[in-house]
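Here the structure comes first, spelled out in C-alpha cells, and everything after it is commentary.
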Amino acid sequence: MVTKSKLKMALVAEKGVDFKKLKLKRKQKDAARHERNANGGAPVEDENADENEDEVEDVEGGDAEDDDEDEDEDVMIDLDALNDSDTSESSIELEEKIPRKPSKKIPAPVEEEDDEEEEDDEDIPMSDLEDLDDADKEDLIPHQRLTINNTTALLASLKRIAIPTDKSVPFISHQTIVASEETAESIPDVSDDLQRELAFYQQSLDAVRLGRSRLRAENVPFSRPKDYFAEMVKEDAHMDKIKAKLVEEATNKKAAGEARKLRDLKKFGKQVQVAKLQERQKEKRETLDKIKTLKRKRQDGGGGDLGTKEADLFDVGVEQEIGKQNQRSGAGRGQSAGGANHKRTKKNEKFGFGGKKRHAKSGDAKSSGDLSGFDAKKMKAGGRGKVTKTRPGKARRKSMGTK
Amino acid sequence: MAAVYKSISKSSATKVDAPSNGIKRNKQRVLILSSRGVTYRHRHLLNDIASMLPHSRKDAKFDSKTKLYELNELAELYNCNNVLFFEARKGKDLYVWLSKVPNGPTVKFHLQNLHTMEELHFTGNCLKGSRPILSFDAAFEKQPHLRVIKELFLHTFGVPEGARKSKPFIDHVMGFSFADGKIWVRNYQISEVEASKGDEEEDKSHKSRGGKDTDVNLVEIGPRFVLTPIVIQEGSFGGPIIYENKEFVSPNQVRSDIRKGKASRHNARAEQTVGRLSRKSDLGLRTKGPRVAKSELDTKMLFA
C-alpha cells in the first residue's frame, strides 16, 4: 500500500512553504541564465531592453511553475482516490477518513495568513539578540521562522473532533474542568519553583473541589472505600522504596541533629573542664602563697602573742580580698597568670625548640647503667612499709588548708 | 471459552451503550509508542503514562522517523483512534506527537524537564486505571491552537467513561497549566481528609455516599514534564501546517548558538592577533615583513 508517490504526496503536503522557496530559487536561476544569454548574444544592447526581457522571462517562469503545481495536484487526487478504498471498519468507530482536498486551499490560506506577518519575516528576532554580546551580534545571521496560525483551519479541525463538555452532557462523561482564571497570572516568576508548583497545585485543587461537587450531584461514587483493593499505579515494591527513602531521610536528619548537639556539648564541656581545672590550680597556688606569707611573718615578727594574732587576722583578711580579685581577673584571662606554661615546656621538650630531640626517649648506655631507681630494700616484701608518705592525712590536709 | 464470553459480553455491552438520547458515546483508544533511540528516562515516562491510561495500547518501538504517516495504518491495525508518539532525536531531545488518527489534527511538542514517577519519590498513589479529573488552565480556552491541544489532551489523557479496565472511583487529577509559552503537566492524588471533627456523627451518616464533610487535599504522584507546542498539522502525521510556534527555538539551535558564541570569541581574538601582526609589519617592525620603502628624506639616505 505504501507507494512512492504517497510519500511524495506527504512530503509535498508537509512542505507547503518550502515549495514556494524552491520556486523562487528556480526563478532566480532562470533569470540569471537569461541575463547571461542576453549579454552574450547582444552585448551592445542598452539596459532598458535587457530589463524588459527579464520581465518577460519572469512572467513565463511563473506560468511554468503554475503548471508544475497543477501536475502535483493531479497526482494527489489520484492518490486520495486510492486511499479512500482502504478505510476499514472497526469497533472503535474511527471517523470517516476525509479525502484531503488537494485544491489550492492547502497553500492558499497559509499564504493569506502569512501576508500579515510577512512584514517581519526577514526581521531579527530581537528577543533572541538582547542577551548577546555586541561582539556576537555581528557574526550572527538572524533567522526568523514564519508564524502560521491558521485560525479557521484550527477551529474547523477542533469542531471535527470535539467531544461535548458543556452543561448538556453529564460531567462524568468527560471530567474536564477549565479554570476560571489563568494560572500564569499567579506565577510572578516561572523559574521560582515553589511559587510555580503552588499555582499548579491550587489550580488542580480548585478543579477537584468543583469536580467533586459536580460528581456528587450526579450521584457518582467518588472516593474509594477502605476495603476496595486493586492494582495501583505504583506497585507495593515502589511504595516500599519511597517509604524507605522517607525513613532514611528522617533518620539522617535526626542523626545530623544529634551529632550537632553532641558537638556543641563537647565544645562547651571542654570549656567548662578547662575553667574548672584552672580555678582549682589557682586556688591551690593562692593557699600556698598564703601559707608562705604567714610562715614568713611568723618567722620575722617575734612580737607579742596578741599582736601577732591581730596582725595575722588582719593580713589574712587583706590577702583574701586580693586573692578574690585576682581570681576574678584571672578567670577571664585564662592561664596567663600562671608562670611557665607546663604544656608548652613539655611540648618543646618533645617536638623541639632547639637541639636534637630524636631518640630522646630511647635508652642508651648511660640510662641503662643508671641504677638510681633501684633499691634492694624495695624488692623485699617488707620494704613497702618503710616508704615515707609524702602526702599528709586528710584531717591534716584540711587543717592546713584552713590555716 | 474466553472468546465466547467476550462475544456475549460485547453484545450486551453494545445494547447498554446504545445511546438513548442520541449523544454519541465517547470512545477513545490510544496507541502509545516511541521511536528508536529513546533513553531509559523517556521509556520510563512512556511506561508511567501507559500505566495511567487503561484505554491505551502500547506497541513496540517504531523504526522510522521520516515515514510517520505509517503510524496511521498501525493505529488502525490496533483499532486506536489516538496516537501518542515519542520521537527521540540525538539520544537526548524528545518530541511528542499527539494525533487523532484518520483525519487529524496532529500536534508536535518538545518535551523538557522530564521526571519520571520513579525518580520523584512522591508519596502519592492512585488506582491503576481510575479516571482522572482533567484540570485545564483558563488559557486553554483563549487561543484556538490551545483549544485544539486541550481537546487532544482530553482525548488522550482523559479515560473515557466505561473504558475497559478502568476503575469506578476518582482518585487523581491531571493538571495542565500554560505558563511561559509551555504546557506544564502534573499529576496529583486526591486524598480526602476530615474537615472538622465536631460533626463526626453526621459524617458517619453520609459515609455511604463518600463522606460529605471531608475536605480534599492533593499529594503529587508524578511524573512531571513540560511540553512546548511546536506545530499543529491539519492531517494525522501529515497535511498542511495550521499552526507553528514562532517562539520555539529548537534545542539544536540553542546548542549551536552556544558553540558559535564560544567560537566567535576565539575568532575575534585571532583576528586581533592577525591585525596586530600586519600593523607591525607595515611599520617595518618585523624581520619577515616587507620593509618600508625608504624615503629620500630619510636621515640614512641624506647622510649616506
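Here is the naming used below: chain letters follow the sequence lines, and residue numbers restart at 1 for every chain.
- For the pair A:E218 (side chain) and A:F171 (backbone), a donor-acceptor distance under 3.5 Å is present.
- Inspection of non-hydrogen atoms places A:Y201, A:Q203, A:S204, A:L205, A:A207, A:V208, A:R209, A:G211 of residues 201-211 of chain A under 4.5 Å from chain B.
- Nearest heavy atom pair, residue B:V219 against residue B:G124, reads CG1-N, 3.4 Å.
- In this structure, the side chain to side chain donor-acceptor pair (under 3.5 Å) partners of B:S191, at least two apart in sequence or on a different chain, are B:N217.
- Neither the backbone nor the side chain of B:Q143 comes within less than 4.5 Å of any heavy atom of chain A.
- A donor-acceptor pair under 3.5 Å is formed between the side chain of B:N81 and the backbone N or O of B:R29.
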**OP:** Step by step, work out the side-chain contact (heavy atoms from CB on, under 4.5 Å) result for A:R212 and B:I170.
**Re:** CA-CA 9 Å; A:R212 198 167 72 133; B:I170 291 112; over 6 Å; no
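- No other option in B:L218, B:I221, B:I133, B:V216 has as many heavy-atom pairs under 4.5 Å with chain A as B:L218.
- In this structure, chain B has a heavy atom under 4.5 Å from the backbone of A:E181, while its side chain stays farther away.
- If you check the side chains of B:S166 and B:H55, you find no donor sitting under 3.5 Å from an acceptor.
- Cation-pi contact between B:R57 and B:Y78: present, with separation from the ring centre below 6.0 Å and deviation from the ring axis of at most 45°.
- Residue contact with chain B, scored on non-hydrogen atoms closer than 4.5 Å, involves the backbone and the side chain of A:S157 alike.
- A:N149 contributes no side-chain N or O that, together with a main-chain N or O of B:Y243, makes up a donor-acceptor pair within less than 3.5 Å.
- Chain A forms the most heavy-atom pairs under 4.5 Å with one residue out of B:D171, B:L152, B:L154, and that residue is B:L154.
- Interface remark: B:R131 contributes backbone and side-chain atoms alike to the contact with chain A (heavy atom separation under 4.5 Å).
- Partners of A:A162 under the side chain to side chain contact (heavy atoms under 4.5 Å, CB included) rule, at least two apart in sequence or in another chain, are B:E151.
- Looking only at side-chain heavy atoms (C-beta outward), B:P160 and B:K27 stay at 4.5 Å or farther from each other.
- B:N72 and B:E76 share no donor-acceptor pair across their side chains, judged by distance under 3.5 Å alone.
- Listed options B:P132, B:S51, B:G158 were ranked by heavy-atom pairs under 4.5 angstrom with chain A; first place goes to B:P132.
- Without hydrogens or angle criteria, B:Q189 side chain to B:N125 main chain gives a donor-acceptor distance under 3.5 Å.
- Counting only distance, with no hydrogens or angles, the side chain of A:R160 and the backbone of B:G104 share a donor-acceptor pair below 3.5 Å.
- No part of A:K243 comes within reach of chain B, as not one of its non-hydrogen atoms sits under 4.5 angstrom from that chain.
- Contact annotation for A:E197: both backbone and side-chain heavy atoms come within less than 4.5 Å of a heavy atom of chain B.
- Put simply, the side chain of B:M174 reaches to within 4.5 Å of the side chain of B:M52, judged on heavy atoms.
- For a residue to count as touching a neighbouring chain, one of its non-hydrogen atoms must lie under 4.5 Å from one of that chain's; by this rule B:I232 touches chain A with the side chain only.
- Only the side chain of B:K142 comes within contact range of chain A, judged by heavy atoms closer than 4.5 Å.
- In this structure, the side chain of B:Q253 does not engage the main chain of B:S250 through any donor-acceptor pair within 3.5 Å.
- Proximity to chain A is limited to the side chain of B:Y188, based on heavy atoms less than 4.5 angstrom apart.
- For A:F229, no part lies under 4.5 angstrom from a heavy atom of chain B.
- B:I242 touches chain A through backbone and side chain together, each having a heavy atom under 4.5 Å away.
- Across B:A263, B:A139, B:A75, the residue that shares the most heavy-atom pairs under 4.5 angstrom with chain A is B:A139.
- Taking A:A184, A:A153, A:A179 one by one and counting their heavy-atom pairs under 4.5 Å with chain B, the maximum is reached by A:A179.
- Interface remark: of the candidates B:R147, B:H155, B:E220, B:H155 forms the most heavy-atom pairs closer than 4.5 Å to chain A.
- Interface residues of residues 244-253 of chain A toward chain B, defined by a heavy-atom distance below 4.5 Å and sorted by number: A:K245, A:L246.
- Taking every heavy atom of both residues into account, A:P164 and A:V169 meet most closely at O-CG2, 3.4 Å.
- Considering all non-hydrogen atoms of both residues, B:T116 and B:P223 come closest at CA-CB, 4.0 Å.
- The part of B:I190 that comes within reach of chain A is its side chain, from C-beta onward, which places non-hydrogen atoms under 4.5 angstrom from that chain.
- Contact of B:F153 with chain A is not made at all, since no heavy-atom distance falls under 4.5 Å.
- In terms of non-hydrogen atom pairs under 4.5 Å with chain B, the most contact-rich of A:T176, A:I242, A:L215, A:I163 is A:I163.
- Ring to ring, B:F136 and B:F176 are close: their centroids are under 6.0 angstrom apart.
- Checking side-chain atoms of B:T106 against main-chain N and O of B:G235 turns up a donor-acceptor pair under 3.5 Å.
- Residue B:L120 does not touch chain A at all, counting heavy-atom pairs closer than 4.5 Å.
- A:I172 touches chain B through backbone and side chain together, each having a heavy atom under 4.5 Å away.
- Between the side chains of B:D137 and A:T183, at least one donor-acceptor pair of N or O atoms lies under 3.5 Å.
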